[in-house]
Amino acid sequence: MEETPIQSFDTWNTWAQYLAYGLTGLAVLILLGHLIKLAATSDSKTKYDYINRSEINILMVCSVLVIIAGGLYANSFIAELGVLWLFVRVFVTISMGLIIGVIIQNLLKFYYPFYIEKRLKKLRYKPRISPKTGKPMKLLSEEEEDVYLDEGMQAEEEIYSIDYDVWVDEETGYTKIEKYAGHLHALQCPECNYQTFRVSREEILKAPSSTEEGELMKHFECGYCGYKAKKNYKIAMLHDTAQSEETATV
């Protein structure tokens, strides 16, 4: 039996192209807005935080918009098409979009951060200008900066959860302290509010089995004020390998 062609694609073709142009324009505007904000931000630390927090997400949003726009535009020249081929075309378009999206996501997640890291490093160590004299300030060494950090800040640095940079205007004594994430994870202490709250030990209260969940207790302790707390977590049930193999065999 001959497939019945689907008529009246003119309206779809027109709107698909309009949507494609609109989404592409939106992606360009978002990207331009990002670039303008970077250019308008003169403070290196503010620019550092903005890039670190937002750039990859913005690029991913722009990529998704362009992928959708490309799919719409590629399907905006339909004259006649049978029902079966319509579903095939939709399936291929969605599949190609997902494949391209995954590729871009992996590039932004695993490769682009190396490029960002170089830019962030330049911004972090770019000489700060003193608002008092208009001259470059001095970045203190780890030993020199402790004089300007309180005990809680020093505790954060000692456990590598936070790293502080201290810039000093040697002429006027003006000081600027900048806060950066360290390479070890710690939580904010609910008592002193410093990021020195870490897991000190873990205790299994109930071992998991193939029929029941287990229970784990984590003990937290603040490296600065000594505040302690504990929290219970569920442990997933054990997977019965033998039973799974038997089921698969059957």
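All values below come from the heavy atoms of this structure, side chains included, with hydrogens, waters and symmetry mates left out. Please read all numbers here as calculations on a predicted model, not as lab measurements.
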Check: [Y] and [X] side chains under 4.5 Å, non-hydrogen atoms:
| X | Y | result |
| --- | --- | --- |
| Lys138 | Glu144 | yes |
| Cys192 | Tyr227 | no |
| Tyr180 | Asp165 | yes |
| Val92 | Val90 | no |

For residues [X] and [Y]: do they belong to one hydrophobic cluster (side chain heavy atoms under 4.5 Å, members Ile, Leu, Val, Met, Phe, Trp, Tyr)?
| X | Y | answer |
| --- | --- | --- |
| Leu107 | Val64 | no |
| Ile116 | Ile58 | yes |
| Met137 | Ile129 | no |
| Leu65 | Ile100 | yes |
| Leu32 | Ile30 | no |

Problem set entry | Verdict with supporting geometry, Val66 and Leu23, side-chain contact (heavy atoms from CB on, under 4.5 Å) | CA-CA 7 Å; Val66 171; Leu23 291 175; over 6 Å; no
Which heavy atom of [X] sits nearest a heavy atom of [Y], and at what distance?
| X | Y | value |
| --- | --- | --- |
| Leu38 | Glu55 | CD1-OE1, 3.9 Å |
| Leu31 | Cys62 | N-SG, 3.9 Å |
| Phe197 | Gln188 | CB-C, 4.0 Å |
| Gly71 | Asn75 | O-ND2, 2.8 Å |
| Gly101 | Met60 | O-CE, 4.0 Å |
| Arg89 | Thr93 | O-OG1, 2.8 Å |

Gap separating the [atom1] atom of [X] from the [atom2] atom of [Y], nearest 0.5 angstrom:
| X | Y | atom1 | atom2 | value |
| --- | --- | --- | --- | --- |
| Asn57 | His34 | CG | NE2 | 10.5 Å |
| Arg124 | Leu139 | CZ | CG | 8.5 Å |
| Asp146 | Ser141 | CG | OG | 8.5 Å |
| Asn106 | Tyr111 | CG | OH | 8.0 Å |
| Trp167 | Ile177 | CH2 | CD1 | 13.5 Å |
| Ile67 | Ile99 | CD1 | CD1 | 11.0 Å |

Exercise. Using the ring of each side chain (for Trp, its six-membered ring), is Tyr73 parallel, tilted or perpendicular to Tyr21, with breaks at 30° and 60°?
Worked result: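 The rings of Tyr73 and Tyr21 sit tilted, inter-plane angle from 30° to 60°.
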Exercise. Should the pair Tyr112 and Tyr115 be assigned to parallel (<30°), tilted (30 to 60°) or perpendicular (>60°) ring geometry?
Worked result: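 The arrangement is tilted - the two ring planes meet at 30° to 60°.
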Salt bridge present between [X] and [Y] (N-O < 4.0 angstrom):
| X | Y | result |
| --- | --- | --- |
| Glu215 | Lys234 | no |
| Glu171 | Lys132 | no |
| Lys206 | Glu212 | yes |
| Asp49 | Lys45 | yes |
| Arg119 | Glu117 | no |

Exercise. Is the NZ or CZ atom of Arg198 both under 6.0 Å from the centre of the six-membered ring of Phe220 and within 45° of that ring's axis?
Worked result: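 Checked: cation-pi criterion not met.
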Problem set entry | Steps toward salt bridge (Lys or Arg N to Asp or Glu O under 4.0 Å) verdict (Glu221, Arg201) | CA-CA 9 Å; Glu221 184 173 359; Arg201 65 188 177 92; over 6 Å; no
[X] atom [atom1], over 12 foreign heavy atoms within 6.0 Å:
| X | atom1 | result |
| --- | --- | --- |
| Met217 | CE | yes |
| Glu151 | CD | no |
| Tyr18 | OH | no |

Exercise. Judged by atom type as modelled, is there a donor-acceptor pair below 3.5 Å linking the side chain of Trp12 to the main-chain atoms of Ile78?
Worked result: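 No.
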Exercise. When you measure from the side chain of Thr175 to the backbone N and O of Gly173, does any donor-acceptor pair fall under 3.5 Å?
Worked result: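 Present.
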For this session: Show your working on side-chain contact (heavy atoms from CB on, under 4.5 Å) between Ser44 and Tyr48 and close with a plain yes or no.
Result: CA-CA 6 Å; Ser44 297; Tyr48 179 104; over 6 Å; no
Exercise. Does the pair Glu142 and Glu157 meet the rule for a side-chain contact (heavy atoms from CB on, under 4.5 Å), with working shown?
Worked result: CA-CA 10 Å; Glu142 292 291 332; Glu157 286 208 320; 3.6 Å; yes
Between [X] and [Y], does any side-chain donor sit less than 3.5 Å from a side-chain acceptor?
| X | Y | value |
| --- | --- | --- |
| Ser76 | Asn13 | no |
| Asp43 | Tyr50 | no |
| Asp169 | Thr172 | yes |
| Tyr164 | Gln154 | no |

Problem set entry | Lys230, Lys231, Glu203 screened by side-chain hydrogen bond (donor to acceptor under 3.5 Å, both in side chains) with His219, the one that passes |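 It is Glu203, the one option of Lys230, Lys231, Glu203 that forms the side-chain hydrogen bond (donor to acceptor under 3.5 Å, both in side chains) with His219.
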